[in-house]
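Below is one structure, written out as structure tokens; comments come after it.
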Amino acid sequence: MEPVRATNRGNVRNEVGFRVILSVLYALLWLVRLYHMRATSGLGGKILRTRHDRLRIALILLFNLMGAMAGLVYVFAPHRIRWATLPTPTWSRWLGAALGIVTIPLFFWTHRALGSNWSADLVIKKGHTLVTSGPYRWARHPMYTSIFGFSLAVSLLSANWVIGLVGLVTSILSAARVDKEEALMLDEFGEEYRAYMERTGRFLPPMKPLVRAAR
Ligand code: SAH
């Protein structure tokens with residue numbers, strides 16, 4: 001009997017650990033975003049938003065809130081969401097923890113590089129500049145990459161399909177607006193953005209040099 005009990009104790013300890021890591025990751029993500037919004041408020045031009053824009057922002061916010069709620073339930077009342085548990089192995093949960101720890105600095109770095117050009121929706125602000133430094137040197141959408149990474153990380157870490165689903169929808173919503181975003185940037189920055197597109201990858205650094213090196 002003893003080994004079984006020892007395993008159970010180990011699992012319970014792991015579960016608490018995963019919940020603590022998940023809360024720290026969520027807290028850091030929100031901290032980065034809120035800190036950035038505070039640090040850049042008042043910088044950068046004001047934008048005139050139409051009713052349509054405001055509706056879109058409200059939807060994004062609502063979805064983020066739902067994600068936060070799912071995370072909170074998972075951390076503080078796990079028994080209420082246990083029905084959505086996935087039977088994944090322990091190693092994949094640790095993999096999620098490791099991935100989460102990597103994505104937060106990337107998320108922070110993208111905010112730092114974008115500065116006051118960042119916004120929750122797609123707009124050209126007054127005095128908007130084209131950022132090609134920091135992670136933007138290699139990829140055009142590193143912030144979305146960090147959001148995909150984070151979503152995958154919390155899905156693996158929580159082993160819970162509700163959290164996974166929220167992450168998946170968030171990632172799809174980000175990826176779905178990339179064409180529109182690039183069209184907007186092309187419209188605003190023209191040749192400069194076209195040249196920038198030539199030398200960068202969309203979500204990851206361009207793979208061409210690697211392919212060439214492998215030949
Ligand atoms: N898609 C980027 C940025 C997300 S924030 C990423 O994933 O890293 C969205 C805002 O950033 C949009 O309003 C867009 O106009 C602006 N933006 C996107 N790429 C930019 C760049 N290279 N320089 C400046 N602003 C950029």
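Whatever order the structure lists them in is the order used to number ligands and atoms, beginning at 1. For the single chain, residues carry numbers from 1 onward in sequence order.
Atom 9 (C) of ligand 1 has Ser119 O, 3.5 Å as its closest protein atom, hydrogens excluded (heavy atom only). The protein heavy atom nearest to atom 12 (C) of ligand 1 is Asp121 O, 3.8 Å. Taking atom 22 (N) of ligand 1 as the reference point, the nearest protein heavy-atom neighbour is Val131 O, 2.9 Å. In terms of protein heavy atoms, atom 8 (O) of ligand 1 is closest to Tyr136 OH, 2.6 Å.
For the pair Leu25 and Leu157, the minimum side-chain heavy-atom distance is below 4.5 Å.
In terms of polar-atom proximity, defined here as any N/O pair under 3.5 Å, Leu130 makes no such contact with ligand 1. Among the atoms of His141, some N or O lies under 3.5 angstrom from an N or O of ligand 1. The shortest N/O to N/O separation between Tyr144 and ligand 1 falls below 3.5 Å. Looking at ligand 1, you won't find any N or O of Leu184 less than 3.5 Å from one of its N or O atoms. For the pair His128 and ligand 1, the shortest N or O to N or O distance falls below 3.5 Å.
Classified by interplanar angle (parallel below 30°, tilted 30° to 60°, perpendicular above 60°), the ring pair Trp83/Trp161 is perpendicular.
The ligand atoms of ligand 1 that sit less than 4.0 angstrom from a heavy atom of Val123 are 13 (O), 15 (O). The Thr129 neighbourhood of ligand 1 comprises atoms 23 (N), 24 (C), with distances under 4.0 Å to a heavy atom of that residue. Ligand-side atoms of ligand 1 in range of Trp118: 5 (S), range being under 4.0 angstrom from any heavy atom.
Here the side chain of Ser92 pairs no donor or acceptor atom with the backbone of Leu156 at under 3.5 angstrom. For the pair Asn160 (side chain) and Tyr74 (backbone), a donor-acceptor distance under 3.5 Å is absent.
Residue Arg19 qualifies as enclosed at atom CZ: its count of foreign heavy atoms under 6.0 Å is above 12. Remark: Phe63 CZ is packed, more than 12 non-hydrogen atoms of other residues, nucleotides or ligands lying under 6.0 Å away.
The salt bridge (charged side-chain N to carboxylate O under 4.0 Å, His left out) test applied to Glu198 returns no partner, not counting sequence neighbours. Every salt bridge (charged side-chain N to carboxylate O under 4.0 Å, His left out) that Asp179 has, sequence neighbours left out, goes to Arg202.
Taking the six-membered ring for Trp and the full ring otherwise, the centers of Phe107 and Phe150 sit at least 6.0 Å from each other.
Assignment of Leu122 to the shell around ligand 1 is supported, since a heavy atom sits closer than 4.0 Å.
Atom 1 (N) of ligand 1 has its nearest heavy-atom neighbour, among Glu188, Met185, Glu181, in Glu181.
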